[in-house]
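Step one of this worksheet: look at the structure below.
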Amino acid sequence: MERAYELKEEMIENRRFFHRNPETGFDLPVTTGRVREILESMGYEVKKVGKSGLSATVGKPGRTFLIRGDMDALPMAEETELEYRSENGCMHACGHDIHTSALLGAARILREREYELNGTVKLMFQPCEEMVMGARDMVENGILEDPKVDAAMALHVVHKPLGTVGYSKGSACASSDVFTITITGKGAHGAASYLGVDPINVAVHMHLALQVLNSRETHPDDMVVLTIGMISGGAAANIIPDTVVMKGTIRTMNSDTREFMKGRLLDISESVAKTFRADCRVEFLSEGVPPMVNDEALTEDVTGYIDDLLGEGTTYEIPRMTGSEDFSVVSEKVPSLLLWVGTGSEDEGYPYGVHNPKVTFNEDAIHKMAAIYADCAIRWLEKND
């Protein structure tokens with residue numbers, strides 16, 4: 001904590017650079033260039049992993065503990081009055097600039113204390129978390145190998161009191177599968193609807209039928225959310241269009257339910273379309289992500305480390321979230337833990353939550369997060385040597 005506090009201004013300076021220059025998805029040349037430059041100045045050998053991920057290691061042969069910071073922003077205009085606000089139409093409204101800066105701070109601490117490490121710490125700087133594709137890209141391109149990762153941890157900011165750390169036991173975040181349903185009918189004049197096949201009518205019936213999956217086909221204890229967020233079709237009051245497009249998401253808390261829901265989405269969509277003489281095509285955006293599952297033993301160990309570091313009662317249990325986090329792809333492969341670090345509550349003068357164009361964060365959280373990253377890595381390797 002003492003060293004993290006000494007590095008506080010350096011981390012804040014880095015954070016403000018990233019905040020002023022937000023980039024989205026996999027297209028992060030300025031961000032990754034700065035991260036690489038800082039890591040190499042510390043003596044790290046930096047490797048590109050996948051489309052735009054970065055990795056580096058510190059320590060010696062032995063067990064390997066991975067710590068992740070995501071780097072991408074959101075495609076939304078910033079509405080804060082910060083001196084270092086973004087003006088390029090994108091915004092770090094989810095705090096990934098803080099994650100990246102805290103991981104860079106931890107990288108410096110770990111490099112300075114490399115002699116204490118009873119194994120290897122792997123740094124994972126991840127792109128494209130907001131589109132839930134970055135972690136999978138890095139996993140498929142070997143982030144968990146060479147050296148093989150034994151356990152992994154990620155931190156995420158949250159709209160809670162400064163410095164508190166929330167965790168969930170077991171399933172922590174929902175899976176996420178984004179889908180598009182394209183319904184094809186037959187266009188006609190609105191005054192002669194019997195000559196056509198109305199895809200708007202099909203879409204209405206399909207939307208209602210799909211809601212049965214939430215209320216009738218899954219156990220009430222097994223959290224499921226199927227949402228249709230967009231229906232688009234038609235251009236005039238007196239024209240039946242040829243097509244309607246529906247878009248939505250499925251979120252679940254376990255992999256079996258996830259596969260059941262995806263299968264039933266396909267069954268219901270196709271059968272409703274056929275009932276009304278239309279055709280439909282169901283497409284999923286990428287592979288989606290599974291539920292985020294926190295490993296029980298790792299959760300117990302790490303929350304203990306954090307309470308020792310920041311004071312008893314710093315960590316607290318929170319309900320599972322219906323939102324998604326693509327660190328879940330890592331949690332499918334190795335014991336993993338996702339933690340939520342408070343960066344200011346409404347009572348502390350931070351009224352807006354993440355993904356709001358007016359959100360701001362208390363920068364005093366950054367050095368605390370860096371200390372958590374470094375301390376947990378050191379202590380986990382010490383225990384599991």
Side-chain angles (χ1 to χ4, degrees), residues 18 22-40 44-59 63-74 92 94-104 106-107 110 120-156 172-173 175-178 255 284-295 298 324-339 369 373 376-377:
F18 296 128
E23 298 170 303
T24 61
F26 288 107
D27 188 19
L28 310 174
V30 175
T31 304
T32 56
R34 179 68 172 245
V35 170
R36 178 182 289 274
E37 177 186 2
I38 293 170
L39 289 173
E40 289 179 345
Y44 281 97
E45 179 184 349
V46 182
K47 297 180 180 179
K48 182 181 178 183
V49 182
K51 295 176 182 177
S52 53
L54 297 176
S55 176
T57 59
V58 59
R63 304 294 293 277
T64 298
F65 190 80
L66 179 146
I67 47 180
R68 185 211 70 169
D70 37 7
M71 304 182 288
D72 59 318
L74 287 157
H92 271 294
C94 199
H96 295 187
D97 51 339
I98 291 177
H99 305 167
T100 302
S101 304
L103 189 55
L104 286 170
L110 290 165
T120 300
V121 180
K122 182 175 284 191
L123 310 174
M124 177 181 178
F125 290 89
Q126 182 202 310
C128 204
E129 192 283 324
E130 296 295 354
M131 296 173 67
V132 296
M133 292 190 284
R136 186 177 300 281
D137 179 66
M138 292 189 75
V139 168
E140 290 178 349
N141 284 279
I143 187 64
L144 301 180
E145 306 299 330
D146 191 29
K148 184 180 183 300
V149 171
D150 296 292
M153 181 182 79
L155 304 179
H156 199 297
C173 298
S175 63
S176 176
D177 291 286
V178 180
S255 296
F284 287 94
L285 175 66
S286 73
E287 296 181 53
V289 294
M292 175 67 215
V293 179
N294 285 336
D295 180 79
L298 185 61
S324 304
E325 227 291 354
D326 80 341
F327 192 60
S328 62
V329 176
V330 176
S331 78
E332 269 194 322
K333 306 293 185 181
V334 300
S336 300
L337 174 62
L338 174 66
L339 297 169
M369 293 172 68
Y373 272 133
C376 291

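Positions are given from 1, in the same order as the sequence printed here.
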Quick one: does any side-chain atom of [X] pair with a main-chain N or O of [Y] as donor and acceptor, under 3.5 Å?
X      : Y      : value
Glu130 : Thr24  : no
Asn294 : Leu338 : yes
His96  : Ala73  : no
Asp150 : Thr64  : yes
Ser52  : Asp27  : no
Asp326 : Gly134 : yes
Asp137 : Met133 : no

(message) Under the criterion side chain to side chain contact (heavy atoms under 4.5 Å, CB included), I'd like the reasoning laid out for Met369 against Ser101: C-alpha separation, chi angles, the key distance, then a yes or no.
(response) CA-CA 9 Å; Met369 293 172 68; Ser101 304; over 6 Å; no
Could you pull out the closest heavy-atom pair between [X] and [Y], with the gap in Å?
X      : Y      : result
Gln126 : Ala135 : NE2-N, 3.3 Å
Val121 : Ala377 : CG2-CB, 3.8 Å
Gly288 : Arg136 : O-NH2, 2.9 Å
Glu287 : Asp177 : O-OD1, 3.7 Å
Pro290 : Val329 : CD-CG2, 3.9 Å

Got a second to check how far [X]'s [atom1] is from [Y]'s [atom2], nearest 0.5 Å?
X      : Y      : atom1 : atom2 : answer
Phe327 : Glu332 : CZ    : CD    : 12.5 Å
Leu74  : His92  : CG    : NE2   : 9.0 Å
Thr32  : Asp72  : OG1   : CG    : 12.0 Å
Arg36  : Ile38  : CZ    : CD1   : 12.5 Å
Cys128 : Lys51  : SG    : NZ    : 7.5 Å
Ser331 : Met292 : OG    : CE    : 4.0 Å

(request) List the steps and the verdict of side chain to side chain contact (heavy atoms under 4.5 Å, CB included) for Thr57 and Leu123. (result) CA-CA 6 Å; Thr57 59; Leu123 310 174; over 6 Å; no
When you compare the side chain of [Y] with that of [X], does any pair of heavy atoms fall below 4.5 Å?
X      : Y      : value
Val330 : Met124 : yes
Leu110 : Tyr44  : yes
Met153 : Tyr373 : yes
Phe125 : Leu39  : yes
Ser328 : Pro291 : no
Asp146 : Lys47  : yes
Lys122 : Ile143 : yes

(request) Test Leu298 against Phe65 for side chain to side chain contact (heavy atoms under 4.5 Å, CB included), laying out the working first. (result) CA-CA 11 Å; Leu298 185 61; Phe65 190 80; 4.0 Å; yes
(message) Any carboxylate oxygen within less than 4.0 angstrom of a Lys/Arg side-chain nitrogen, looking at Arg68 and Glu325?
(response) yes
